[in-house]
Asker: 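A single structure is presented below for examination.
Note that this is a predicted model, so its numbers are computed, not measured.
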Amino acid sequence: MDTIYLGAAPGTTWALTPEEAEEHLQVRFPGMESWLKHAPVSDKDYVDFDVEVDGEVRQCSYFGGGQLILRDGDPAVWADTIAWFLGLLPPEARTVAMVAANPDNVRVVPPGSSTSEIEGLLQSLFDLD
């Protein structure tokens, strides 16, 4: 288990606010707990949220402008949620992924990637460990 980071590719941002992300997440994960917050150091608003996936509560965050952090999981746990989340973004939104154990290895997530393609891409990052 590791932390997966998805972000807007360098030089780009995602036009999804933390409030909008929270609304979509509430639909996907009914009953999830969430907290809108502000990070003073980066001056960014974000939403922290706890969701139950595969019978376990997992802690996550979404930062305005484009960073989704999914903790306590592996590619199989998060691939479907990632594919769904990326579907909320405009088709031209560029995305990169990395895992906490290998922060120097960043991969581009091709637009329109399927759940299985995302899982394979993430697994390749996990396998570098």
Asker: For the side-chain contact (heavy atoms from CB on, under 4.5 Å) test, which of I4, T3, D74 pairs with V99?
Answerer: I4
Asker: Where do P18 and D45 come nearest, in terms of heavy atoms and distance?
Answerer: CG-O, 3.3 Å
Asker: When rounded to the nearest 0.5 angstrom, what distance separates CZ in F29 from CD in E52?
Answerer: 10.5 Å
Asker: Would L88 and I69 show up in the same hydrophobic cluster when neighbours are defined by side-chain heavy atoms closer than 4.5 Å?
Answerer: no
Asker: Identify the two heavy atoms, one from P30 and one from V27, that lie closest to each other, and give their separation to 0.1 Å.
Answerer: CD-O, 3.7 Å
Asker: Is Y5 linked to V96 within one hydrophobic cluster, defined over Ile, Leu, Val, Met, Phe, Trp and Tyr using a side-chain heavy-atom separation of less than 4.5 Å?
Answerer: yes
Asker: For the atom pair CZ (F63) and NE2 (H38), what is the distance rounded to the nearest 0.5 Å?
Answerer: 10.5 Å
Asker: If you compare all heavy atoms of G73 against all heavy atoms of F126, which two are closest, and at what distance to 0.1 Å?
Answerer: O-CZ, 3.7 Å
Asker: Rounded at 0.5 Å granularity, tell me how far CD in E19 sits from NE2 in H24.
Answerer: 12.0 Å
Asker: Look at the side chain of N102 and the backbone N and O of L125, then say whether any donor-acceptor pair between them is shorter than 3.5 Å.
Answerer: yes
Asker: Are V53 and L70 linked, directly or through intermediate hydrophobic residues, by side-chain heavy-atom contacts shorter than 4.5 Å (ILVMFWY only)?
Answerer: yes
Asker: So do the side chains of L89 and P111 get within less than 4.5 Å of each other, counting heavy atoms only?
Answerer: no
Asker: Between R94 (side chain only) and T12 (backbone N and O only), is there a donor and an acceptor less than 3.5 Å apart?
Answerer: no
Asker: May I ask you to decide if A101's main-chain N or O and D2's side chain share a donor-acceptor pair within less than 3.5 Å?
Answerer: yes
Asker: Taking the side chain as everything from C-beta on, heavy atoms only, tell me whether T81 gets closer than 4.5 Å to R28.
Answerer: yes
Asker: Between T13 and A8, what is the shortest heavy-atom contact and its length?
Answerer: CA-CB, 3.8 Å
Asker: How long is the span from the CD atom in E119 to the CH2 atom in W78, to the nearest 0.5 Å?
Answerer: 13.5 Å
Asker: Could you walk me through whether S61 and Q67 satisfy the side chain to side chain contact (heavy atoms under 4.5 Å, CB included) test, starting with their C-alpha distance in whole Å, then the side-chain angles of each, then the deciding distance to 0.1 Å, before giving a yes or no?
Answerer: CA-CA 8 Å; S61 302; Q67 185 180 26; over 6 Å; no
Asker: Using the rule given for side chain to side chain contact (heavy atoms under 4.5 Å, CB included), can you reason through I82 versus L122, listing the C-alpha separation, both sets of side-chain angles and the distance that settles it, and then say yes or no?
Answerer: CA-CA 11 Å; I82 291 168; L122 294 173; 3.5 Å; yes
Asker: Closest heavy-atom contact between V106 and M98?
Answerer: CG2-CB, 4.2 Å
Asker: Would L25 and V51 count as a side chain to side chain contact (heavy atoms under 4.5 Å, CB included) if you check the C-alpha gap in whole Å, the side-chain angles of each, and the deciding distance to 0.1 Å?
Answerer: CA-CA 9 Å; L25 288 159; V51 296; 5.6 Å; no
Asker: Hey, could you give me the CG/CH2 distance between L68 and W14, rounded to the nearest 0.5 Å?
Answerer: 6.0 Å
Asker: Heavy atoms only: give me the nearest E117-G112 pair and the separation to one decimal.
Answerer: OE1-O, 4.3 Å
Asker: Could you measure the distance from the CD1 atom of I118 to the CZ atom of F85? Nearest 0.5 Å is fine.
Answerer: 11.5 Å
Asker: Quick one: does any side-chain atom of Y62 pair with a main-chain N or O of L16 as donor and acceptor, under 3.5 Å?
Answerer: yes
Asker: Can V77 be reached from W84 by stepping across I, L, V, M, F, W or Y side chains whose heavy atoms are under 4.5 Å apart?
Answerer: yes
Asker: What do the steps show when you test D48 against K37 for side chain to side chain contact (heavy atoms under 4.5 Å, CB included), and what is the final call?
Answerer: CA-CA 7 Å; D48 269 343; K37 298 181 177 184; 3.0 Å; yes
Asker: Check the hydrophobic clustering (I, L, V, M, F, W, Y; side-chain heavy atoms under 4.5 Å; chains of links allowed) and say if L36 and F49 are grouped together.
Answerer: yes
